[in-house]
Amino acid sequence: MQKIKAFLHPWLKQGTAIGILLLILAFQPIIDLDYLIYPFLNQFGIPRPSTLIRFLLIPSLIIWCFYAYGKNRKKTIILGGLYILVFAVYFLVHVQVVRNAASLLRLTSNFQFSIFGELTYCLTLIIPFGLIAAFTTIRIKTKTLKQITAILSATISFPILISDLLVFGQSTYLGNTAASFFSWFTGIYETVEPRRLACKFFFDEGNTIGILLFMLLPLMYYFFSQSEQRKEKISWAILILVQSLSMLILSTRVASLGAFLIPIAFLALYLFDSLLLKHQKVKVLVLLFSAMVSLVSILILPYTPAIQNQKRDAISDDAVRGDDDLLQKGILAYEGRLKLTPGTQEYEDFCLKAFEKSGIEDNLISSIPKMYYMDWYSYKKDPVFWSDLLFTVPLEQRLTGRQFQTYFMNEKWGMADAKMKLLGMGYTPFMNGSILLEQDFIQQKYTLGYLGDILLAGPWLILTVVGAVFVLLRWKKCLNLEVLVLAMSLCCGLGAAYLSGHTLDQFVTTMFMAFVTAILLDRVFDIAGKAEREE
């Protein structure tokens, strides 16, 4: 108990509210595991503890931070109040527009709108901005950043590694993990689907956990490079090795590539800081260790479920390409629809039969997962959409599920009127319908509209651009390895958000992004302030 108190003392010493926020941040992946008990809680109408923490406790702690430690309270209250007022007006109008989305966009009955779900989604996007402001009320020390980085890495990486080794975790993509990562090198892919050999322990969102690990890794290499004590350096080295292997085991695209790309990118920053900025001497051990981890990751990568699944998809795609003659015959037959009147039952019946013959019987739609056209957006409910996709869209633009998501959202966006494009088509209809673009910033444009995208996702980009300009204008004073690595960590999160989604709407990632952003702002303004005082 004394060791626990000693460990937590530096956090709580900064203030109870900040200390609790730091605890929530450090153990957010563990808190999120409460989804496992939600079926039990739900039968009694009890919400998940994580829901109460996110939407009641965290906002209360943010307000407490400003009351206890905040500076420029009047200005903060005015700006914060103005932002909330603008959001409230936007949300009220947004809801009225989205209520009519289903009929206007020809969505099937499973695309259900929920005002509560719409509100919680918007709040999920907003609350991290309050966290940035709360964390900037005090100076976050490097020691605290180290502790939180280590806790997050350990509480994610070790469970993934152990559950994979003992084969009791959930697959990142499909059911339970079938075998440990040792089986990757024994020809198991000939009999077992690659997706069943990825492992995420019991974390709810494998993709999101992978993005968090992606953001943590640059900081871990930085702390390894700055460690002076042998014991500390060994500890960071072990943690880096375990996390890198866990990222490969997780086998999401971001995590798998990050395991070998992050050390390369860190080395570039490290050499830039050492050789050009001359802030430190080059340490051979740092170079060798980073290069070694990257090399080992590259050697393992071809055997990972992520790459093997891509190979299997490529074979399936080639099979579809090989049926080009069948497709061309189908296209010629489909042109018979031009003799019919669009919108009539006869026209829809023609499209239905054409899709069933070429798409399902001839297997020309097989590269798109079956649940898309059988369940989530049934071809029987909208045969015109599916037959147009099959016969009028080039094969290379509709091979994968992600490509289909893009096509689907673009088609629905094209049906939206000017008011809906400004205020959005709604998040909950597409979330409940299970077809949602996995690409943050663009996804918010579709679901929240141009105005909502600027209001709820735009601040991340605004902060990044303004911060980058501020640093570049004062680069001789502001640039150092810590600032560069913090910026790299934040950019990893924002880049993964755009490429892979599942980032801006997940507290497990946005809380850490808010934390890193607050530290960056503090470090940069502190360095700039000292330089001005010296002048």
J.: If you apply the rule side chain to side chain donor-acceptor pair (under 3.5 Å), what do you find for Tyr446 with Asp453, and how did you get there?
T.: CA-CA 8 Å; Tyr446 290 133; Asp453 197 10; over 6 Å; no
J.: Angle between ring planes, Trp460 versus Phe129, binned at 30° and 60°: parallel, tilted or perpendicular?
T.: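 It falls in the tilted class, 30° to 60°.
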J.: Are more than 12 heavy atoms from other residues, nucleotides or ligands located less than 6.0 Å from atom CZ of Phe87?
T.: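 Yes - once you tally the heavy atoms of other residues, nucleotides and ligands closer than 6.0 Å, there are more than 12.
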J.: Using distance alone, with no hydrogens and no angle criterion, decide if Thr208 and Gln506 have a side-chain donor and acceptor under 3.5 Å apart.
T.: no
J.: Where the side chain of Ser251 meets the backbone of Leu248, is there a donor-acceptor pair that is under 3.5 Å apart?
T.: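 Indeed, once roles are kept as given, a pair shorter than 3.5 Å links the two residues.
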J.: Decide, yes or no, whether a salt bridge links Asp522 with Lys141 under the criterion of side-chain N to carboxylate O below 4.0 Å.
T.: no
J.: Do you know which of Asp273, Leu472, Leu484 makes side chain to side chain contact (heavy atoms under 4.5 Å, CB included) with Leu479?
T.: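 The option that passes is Leu484.
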J.: Checking Asn432 against Ser114: is there a side-chain donor and acceptor pair closer than 3.5 Å?
T.: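 Looking only at side-chain atoms, Asn432 and Ser114 do not form any donor-acceptor pair under 3.5 Å.
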J.: Give me the atom names and distance for the closest heavy-atom approach of Asp204 to Lys200.
T.: O-NZ, 3.0 Å
J.: Parallel, tilted or perpendicular, judged at 30° and 60°: which one describes the rings of Trp376 and Tyr372?
T.: perpendicular
J.: Compare all side-chain heavy atoms of Val98 with those of Pro429 and state whether any distance is below 4.5 angstrom.
T.: yes
J.: When you look at Trp386 and Phe404, which way does the ring-ring contact (aromatic ring centres under 6.0 Å, His included) test go after all the steps?
T.: CA-CA 11 Å; Trp386 282 104; Phe404 169 73; 4.9 Å; yes
J.: Is it true that atom OH of Tyr407 has more than 12 heavy atoms of other residues, nucleotides or ligands lying nearer than 6.0 Å?
T.: yes
J.: Do the side chains of Arg106 and Glu348 get close enough for a salt bridge, i.e. N-O under 4.0 angstrom?
T.: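 Between Glu348 and Arg106 there is a salt bridge, with a charged N closer than 4.0 Å to a carboxylate O.
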